[in-house]
Amino acid sequence: MNYQFSTRVPKTNEDPVGNILKMAGSSDVISFAGGLPAPELFPVEALKKVTNEVYDQEGRSALQYSIAAGYPKLREQIVARMAQSGINTTVDNVMISTGSQQSIDLTAKMFINPGDTVIVEHPTYLCALDVFRSYGANLVGVEMDDDGMKMTALETALQAHPNTKFIYTIPSFQNPTGRTMSVARRQKVIELAEKYDVIILEDDPYGAIRFAGTAVAPIKHFDQSGRVIYMSTFSKILAPGMRLGWIVADTALIKKFTLMKQSADVHSDNLTQHIVARFMAEYDIDAHIQKIQSVYGQRERVMVAAMAEHFPASVHYSRPEGGLFIWVEIPGNIDTQALFETCIAHNVAFVPGDPFYPNAATPGTFRLNYSTMAEDQIKIGIERLGTAIKETMANAVKV
């Protein structure tokens, strides 16, 4: 059968990241490849308790169809959480999504026509790139430093691409780099969006997981004209398997989002929305988040200390103040795939940097995750990784 796929469907069945994760899944391999929360921190017993209560007290309504915007009580709770982070909004400005990935997809579907430009960080979240490409976007990457996207480079990109539909940014503990955009740049990106009349899609899955430094308000906090679409998720602060996220946007946009969502899945899982709402009503989610912050902060410190001990001095790596990731940059024209294969031979794994780039990848870059491994495994794994890096760099010099 000769299937006539749309242009949105990838022309190849190759899944390089999936293949890497499979290779890294061996029981002998210490894997820093996944971007997974620590499963031992999932509040299983509390969720079991509130789930039974939902069935007992709200079962018939929780199992029924619901509205696309989402369970009103949960949206009210999100409004309260947003106020804590500096975003003053209303229930009418909030829509529940089936995880952040749906928020990205709906935004792309709403705004991108084939050939439209989307400006992104260089590098950025690989699954967002896949979505934007599927709708025919022209992707333009903007270089970053330790304070996030460079504003001079961003303005240059906006000038060169007047057909830009939106700027996509992960300003807090970015995936894959772990970097955080400074307050000054958050204000500047709003200024540039106003000047060039573009929207900002602010992806904030990690913002609550701050374990060092000073809290920074979301870009949405500085938005005075409804130009910022803010999105976040329960995946990193509760459990990713529940597949619940949310969007905060101007009411005119929320109306469009709900129409788009109705054609995608009618509404997000109503039972799960009731469970999360009851959990937040009965338990202190901020106390739960503090546990996550404590564990991740300790694991990050252990990983960085091990990197300082075992990595060559010339290797650069980010120092995140939260989130799940560290970004590593090896100087010289290092073949990242060759490094990965050397690492697998040493029973340690990472995610190569290539799929995170919208355009040409920077060689010798890769992402490490510190949230899922115990401290002793982190120490052993980083020592193995340091040995593999030294071997690869030595081989590159010989060539």
Side-chain angles (χ1 to χ4, degrees), residues 66-113 116 118-120 124-125 128 131-132 135 137 164-172 181 186-187 189-208 216-235 237 243-268 273 276:
S66 186
I67 57 175
Y71 183 34
K73 183 174 181 179
L74 181 59
R75 289 157 61 209
E76 290 169 2
Q77 292 167 323
I78 288 170
V79 167
R81 285 204 59 77
M82 291 292 87
Q84 291 178 229
S85 65
I87 298 174
N88 294 316
T89 191
T90 72
V91 170
D92 292 335
N93 296 101
V94 176
M95 186 190 81
I96 304 299
S97 63
T98 306
S100 285
Q101 198 64 30
Q102 185 180 59
S103 301
I104 294 170
D105 185 76
L106 291 177
T107 304
K109 188 183 295 184
M110 273 174 48
F111 288 103
I112 298 172
N113 291 315
D116 286 342
V118 174
I119 294 177
V120 301
T124 191
Y125 176 45
V131 170
F132 302 150
Y135 289 101
T164 297
K165 281 297 181 70
F166 58 86
I167 301 163
Y168 172 71
T169 178
I170 311 169
S172 296
M181 186 184 289
R186 291 174 191 234
Q187 294 170 321
V189 76
I190 289 279
E191 179 186 320
L192 291 175
E194 293 282 354
K195 181 177 178 179
Y196 293 95
D197 192 24
V198 298
I199 288 168
I200 298 168
L201 177 57
E202 179 179 15
D203 191 357
D204 189 28
Y206 315 106
V216 182
I219 295 172
K220 183 67 176 173
H221 169 75
F222 304 102
D223 180 23
Q224 299 298 315
S225 60
R227 193 169 292 278
V228 178
I229 299 169
Y230 175 93
M231 49 179 280
S232 191
T233 177
F234 287 102
S235 292
I237 61 173
R243 306 311 306 133
L244 284 186
W246 67 90
I247 295 171
V248 179
D250 183 78
T251 52
L253 285 175
I254 290 295
K255 289 176 182 177
K256 294 295 186 184
F257 270 118
T258 54
L259 290 173
M260 300 296 286
K261 183 172 174 58
Q262 285 169 355
S263 67
D265 64 0
V266 183
H267 60 78
S268 296
Q273 291 185 63
V276 171

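Model, not experiment: these values are computed from the prediction. Values reported hereafter were calculated over all heavy atoms of this structure, with side chains retained and with hydrogens, waters and symmetry mates removed.
How far CD of Gln187 is from CE of Met181: 11.5 Å, rounded to the nearest 0.5 Å. Going from atom OG1 of Thr251 over to atom CG of Asp92 covers 7.0 Å, rounded to the nearest 0.5 Å.
Not a single donor-acceptor pair under 3.5 Å links the side chain of Arg81 to the backbone N or O of Glu76. The backbone N or O of Met95 sits nowhere less than 3.5 Å from a side-chain atom of Arg75 that would complete a donor-acceptor pair. Under the 3.5 Å distance criterion, the side-chain polar atoms of His221 are left unmatched by any main-chain donor or acceptor of Ile87. Checked by atom type and distance alone, the side chain of Thr233 pairs as donor or acceptor with a backbone atom of Ser235 at under 3.5 Å. The closest donor-acceptor contact from the side chain of His267 to the backbone of Ile67 lies at 3.5 Å or more, if one exists at all. Side chain of Thr89 to backbone of Met82: no donor-acceptor contact under 3.5 angstrom is found. Here the side chain of Gln273 pairs a donor or acceptor atom with the backbone of Tyr71 at under 3.5 angstrom. Side chain of Ser268 to backbone of Thr98: a donor-acceptor contact under 3.5 angstrom is found. For the pair Thr258 (side chain) and Ile254 (backbone), a donor-acceptor distance under 3.5 Å is present. Using modelled atom types, one side-chain atom of Glu202 and one backbone atom of Lys220 make a donor-acceptor pair closer than 3.5 Å.
Residues passing the side-chain hydrogen bond (donor to acceptor under 3.5 Å, both in side chains) test with Gln77: none are found, sequence neighbours excluded. In this structure Lys195 satisfies the side-chain hydrogen bond (donor to acceptor under 3.5 Å, both in side chains) test together with Glu155, sequence neighbours excluded.
In this structure, Trp246 has its ring center closer than 6.0 angstrom to the ring center of Phe234.
A side-chain contact (heavy atoms from CB on, under 4.5 Å) with Val79 holds for exactly one of Asn93, Val94, Leu74; it is Val94.
Residues Ile237 and Tyr206 are not in side-chain contact: their nearest non-hydrogen atoms beyond the backbone lie 4.5 Å or more apart. A 4.5 Å side-chain heavy-atom check between Ile229 and Ile200 finds every atom pair outside the cut-off.
Counting non-hydrogen atoms of neighbouring residues, nucleotides and ligands closer than 6.0 angstrom, the NZ atom of Lys256 reaches no more than 12 such neighbours.
In summary, the side chains of Asp203 and Tyr168 do present a donor paired with an acceptor at a separation below 3.5 Å, with no hydrogens or angles considered. Looking only at atom types and distance, the side chain of Tyr196 has no donor-acceptor partner in the side chain of Glu191 under 3.5 Å away. Between Tyr135 and Asp105, the side chains place a donor N or O and an acceptor N or O closer than 3.5 Å (distance only, hydrogens not considered).
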Show your reasoning for whether side-chain hydrogen bond (donor to acceptor under 3.5 Å, both in side chains) applies to Lys261 and Gln102. CA-CA 9 Å; Lys261 183 172 174 58; Gln102 185 180 59; 2.7 Å; yes
Intermediate values then yes/no, ring-ring contact (aromatic ring centres under 6.0 Å, His included), Phe166 and Phe132: CA-CA 11 Å; Phe166 58 86; Phe132 302 150; 5.5 Å; yes
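The shortest non-hydrogen separation linking Ile104 to Tyr125 is CD1-CE2, 3.9 Å. The two residues Asp223 and Ser225 have their closest heavy-atom pair at OD1-N, 3.2 Å. The two residues Pro205 and Ser232 come nearest to each other via the heavy atoms CA-OG, 4.2 Å.
Ion pairing between a basic and an acidic side chain is recognised when a charged N comes within 4.0 Å of a carboxylate O; Arg227 and Asp250 show no such pairing.
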